[in-house]
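Order of the sequence lines fixes the chain letters, A, B, ..., with proteins taken first and strands second; residue numbering starts at 1 for each chain. Side-chain atoms are counted along with the backbone in the values below, which use heavy atoms only and exclude waters and symmetry mates.
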Amino acid sequence: MEKEYNSSLVEERIYSFWESQGFFTGNPSHPERFSMVLPPPNITGPLHMGHALPYTLPDIVARRMRMMGKSVMWLPGIDHAGIATQMVVERELLSKGIKREEIGRERFIEEVLKWKEQCRETILKQLKRLGCSLDWTRERFTMDEGLSRAVRKVFVTLFKEGLIYRGFYLVNWCPRCGTALSDLEVIHKETNGYLYYIKYPIKNEESFIVVATTRPETMLGDTAVAVHPQDERYRNFLGKFAILPIVNREIPIIADEVVEKEFGTGAVKVTPADDPTDFKIAERHNLPFINIFDTKGRLNSNAGNEFAGLDRYEGRERVIEKLKGLGLLERVENYSYSLGHCQRCGTTVEPYLSWQWFVKMKPLAEEGIRVVKEKRVELIPSFWEKTYMEWMENIHDWCISRQIWWGHKIPVWYCLKCNEVISEMEKPEKCPKCGSEELKEEKDVLDTWFSSALWPFSTLGWPEETEDLKAFYPTDLMVTGFDIIFFWVARMIMMGMKFMGDIPFRKVFINGLIRDEHGQKMSKSRGNVIDFMEMIEKYGADALRFTLASLAVPGMDVSLSEKRIAGYKAFANKVWNASRFVLLNYRGESLSIKEDELSIPDRWIRSRLQKAIREVNEALDEFKFYEASEKIYHFIWDEFCDWYIEFVKEDLKRRNISSLSNLLFTLDKILRLLHPFMPFITEEIWQKLPHVSGSITVAPYPLPELELIDDEIEKKVEKMMELVKAIRKLRAENLFPPSSFVDVSVRILNEDKAIFLENVPYIKNLSRVKELNFVDELPSVEEGLRLISTDFEIAVTTPPPKKEISEKRRKEMEKIEKEINSIIQKISNPGFMEKAPEEVREKLKNRLNELQILKEKLSEGK
RNA sequence: GGGCGGUUAGCUCAGCGGUAGAGCACUGGUCUUACACGCCGGGGGUCAGAGGUUCAAAUCCUCUACCGCCCACCA
């Protein structure tokens, strides 16, 4: 074994080995199954650090489950990511001087498919480098033929049930992407702008009604002015008409409840075709809808010849100028308001009146609410339930049509003769109503999340009743980010209930955002992005995985620093070297343990190991990855390496086979315990252990053997550790070099003298003591060479190399007195002795006793 | 306007009713034959603030202040 662990020489080779052995292939007929589906990454580019967390955590779970004897099926795949991918490819083509419109829909799709293949390869490679134990025999893509059939099946079914409908409504429209968006795809940002006060002359009168607006250009589409019905100021305006400036259209002054009296002037211009509130007012009052924009966000001919073709912002300038000229712009105020932006390209969205397809969500949401309320689907951490419920209970219909090219075509045809709308899985021959063969195909595609919502069952073969579907649905766990709870998690639950009649997953672990070392969001503009492949190359996938696990507190964001990753690379190296030590000391003996040959440290580490195993399993059962990783880390580094290996060196001098066996068996357990977190290095080392064969990926995961826990031994060893630490402390304080040996006298103060006497070789070895004398009376030495504990008193009798008078004693005394006082205060509280449990009282009393002895001894020493 | 998180050592975070913890950073010693990605020591916190509950509160309750996020049709 090399002196240093080099992950780059190991990881890729090991993954290929696993893959070739088929360890990750799920078996649907296995009696115990565990299944998950990977949240499919978008094919918009390579994976980034944001993926590393939700892909590492389920792998830890998957690997543990596999080691627990289950047949694990973790299904990988990628998402076509409609708008996002179309945008990326468009940009890519544009850099080569090619415009999407020039090459047409078909050729553009070809280009996207090429891109997809390239992207897929990168992503697959990255997932493998991360070590994800995915079932590659079941890889899927949201636009596969099978999944596309599922999409059509769902659409047609919902359409026939009336849960999908087509309507002419005001939707969020991105003028850059040229498509409708769902409410969720609109990001609201606080924006600094202006509030314009515009005077609308009253017909046949000399007076005005003043309206306030942030969008003066939309006045070109106004069809009313509204005031609150109870607003005294405007009572006698009701029923009159205003003359819309510039356009000179007569528009009614109406009363509607939604108008806020306090805002602006209390009178609001109504633009039904450009504002959701106005849209509803118009519906209530039968106002006309005048659409003044085109699909690019430019004013159209409805806005008047003077404005047609102008961009909305140019239009605004022009309208303001005109109003100024007419003397109708009363005033302008600074005003900050919330503006919607396209999630993908950041363009300000424009409400746009158009024909779109919608899913009626209320009926679907009912089941989605029920299964979470009943805890059939458990959100972890549970505080997300409230957010989920609130959204589900106030759910709006979902606009699912997109006017883009890349996506699942909506399976609808229109009869050109009788206008019948036909939705079928495949193109119909003729109109079922009038028999005409003149059918026009729907050009729109579906929202990418429509297919994502089906992912847990469409990937398993639905609508066919496949063996996989029966075996692996519902899945056991979903790990994903909070940012897609509404987009994805909620919709998967609703669709799962609707089409499978069952939940898509039993548990959803909601991970936080990956941030930089100062808790800042990672972004290219901040320049604080940590590249995850670079980290893998530099520190190894194991180190990265362990880092992520150690930071994964349910529901909390994760602040990642390169130093932390480097720290766990050191940990991997530590594991490597500890293993190297063990293997260096193994000389082919046949291993076995004779109980009576085991040393005290052997029995101690065995007991400690069981506790570590128990704690790690318990933490993992509760998805406390951080706790599990911390327990393993400290067990391996502090207890196994820093203490046990040092102890066992003594036993190895005597070639105690039971101790050697115990050492090897402990290492084996440690590697298996660690494997889900650090799969590569543990496999690499495990293969080198004697008496093992196969792969650690399918070796049993350690479970605690509680009968091996021995609290007595643990206490004993703790005492000898204390003595070792005391001697080390005196050595350090007196600047004895670590390589030197000292002589020490010890006076034991309690009855457990035997513990110390029995373990002299270990104590001497760990504290680098040459002569350890047990005495009844300590020889006189300089003050700094003595130390008193509750169990013993020691003196270093070797003269120190340098004189360094320790001022620490006084501080120590102060500390002790402070603690004594706090305990006395507690005990003298009458309520305490009465109400505190026996256990706590005993503990405090004992502690007080100890402290008082210490205090006495310490002051004696002065 | 509602709601949800957070505020603990210089930094990033655990702990969530019984004597303040980790990693990193800092600091003293050291290449003691697994490991200098190491070993052995050390320093460092009135747990955001104010009330309350309790024998006991970083931990439970109430309020306040800041930070972050989500939802919402005051144009």
Correct closest heavy-atom pair for A/Lys269 and A/Thr218 would be NZ-OG1, 2.6 Å
Under 3.5 Å, is there an N or O donor on one side and an acceptor on the other linking the side chain of [X] and the base of [N]?
X: A/Lys574; N: B/C35; result: yes
X: A/Glu4; N: B/C37; result: yes
X: A/Lys569; N: B/C37; result: yes

Nearest-Å distance, [atom1] ([X]) to [atom2] ([N])?
X: A/Phe736; N: B/C40; atom1: CZ; atom2: P; result: 19 Å
X: A/Trp637; N: B/C24; atom1: CH2; atom2: P; result: 7 Å
X: A/Leu560; N: B/C24; atom1: CG; atom2: P; result: 15 Å
X: A/Ile645; N: B/C39; atom1: CD1; atom2: P; result: 11 Å
X: A/Lys653; N: B/U33; atom1: NZ; atom2: P; result: 12 Å
X: A/Phe383; N: B/C69; atom1: CZ; atom2: P; result: 15 Å
X: A/Glu262; N: B/G1; atom1: CD; atom2: C1'; result: 14 Å
X: A/Lys729; N: B/U30; atom1: NZ; atom2: P; result: 20 Å

Where are the stems of RNA chain B, defined as at least 3 consecutive Watson-Crick or wobble G-U pairs with both distances under 3.5 Å?
-> B:1-7 with B:65-71, B:10-13 with B:21-24, B:26-30 with B:38-42, B:48-52 with B:60-64
On the 0 to 90° scale, with breaks at 30° and 60°, tag the [X]-[Y] ring pair as parallel, tilted or perpendicular.
X: A/Phe486; Y: A/Trp391; answer: parallel
X: A/Phe289; Y: A/Phe279; answer: tilted
X: A/Phe546; Y: A/Phe571; answer: tilted
X: A/Tyr335; Y: A/Phe263; answer: perpendicular

If you check every side-chain atom of [X], which of [options] has the closest atom?
X: A/Lys386; options: B/G3, B/G29, B/A75; result: B/G3
X: A/Lys649; options: B/A34, B/C40, B/A75; result: B/A34
X: A/Pro738; options: B/A22, B/A34, B/U30; result: B/U30

Carboxylate-amine/guanidinium contact A/Glu350 A/Arg312, below 4.0 Å | yes
Ionic contact status for A/Arg841 with A/Glu838, cut-off 4.0 Å = yes
Would you list the protein and nucleotides 13-15 of chain B atom pairs, both N or O, that sit under 3.5 Å from each other?
residue, atom, partner, partner atom, Å
B/C13, OP1, A/Ser559, OG, 2.6
B/G15, OP1, A/Tyr626, OH, 2.9

For atom [atom1], what is the distance between [N] and [M], given to the nearest Å?
N: B/G44; M: B/A56; atom1: C1'; value: 27 Å
N: B/C60; M: B/U53; atom1: C1'; value: 8 Å
N: B/U64; M: B/C73; atom1: P; value: 27 Å
N: B/U54; M: B/G18; atom1: C1'; value: 12 Å

A/Phe581 ring centre to A/Lys649 NZ or CZ under 6.0 Å, with the angle to the axis within 45°?
-> yes
List the steps, then state whether side chain to side chain donor-acceptor pair (under 3.5 Å) holds for A/Asn334 with A/Asn192.
-> CA-CA 7 Å; A/Asn334 285 320; A/Asn192 288 322; over 6 Å; no
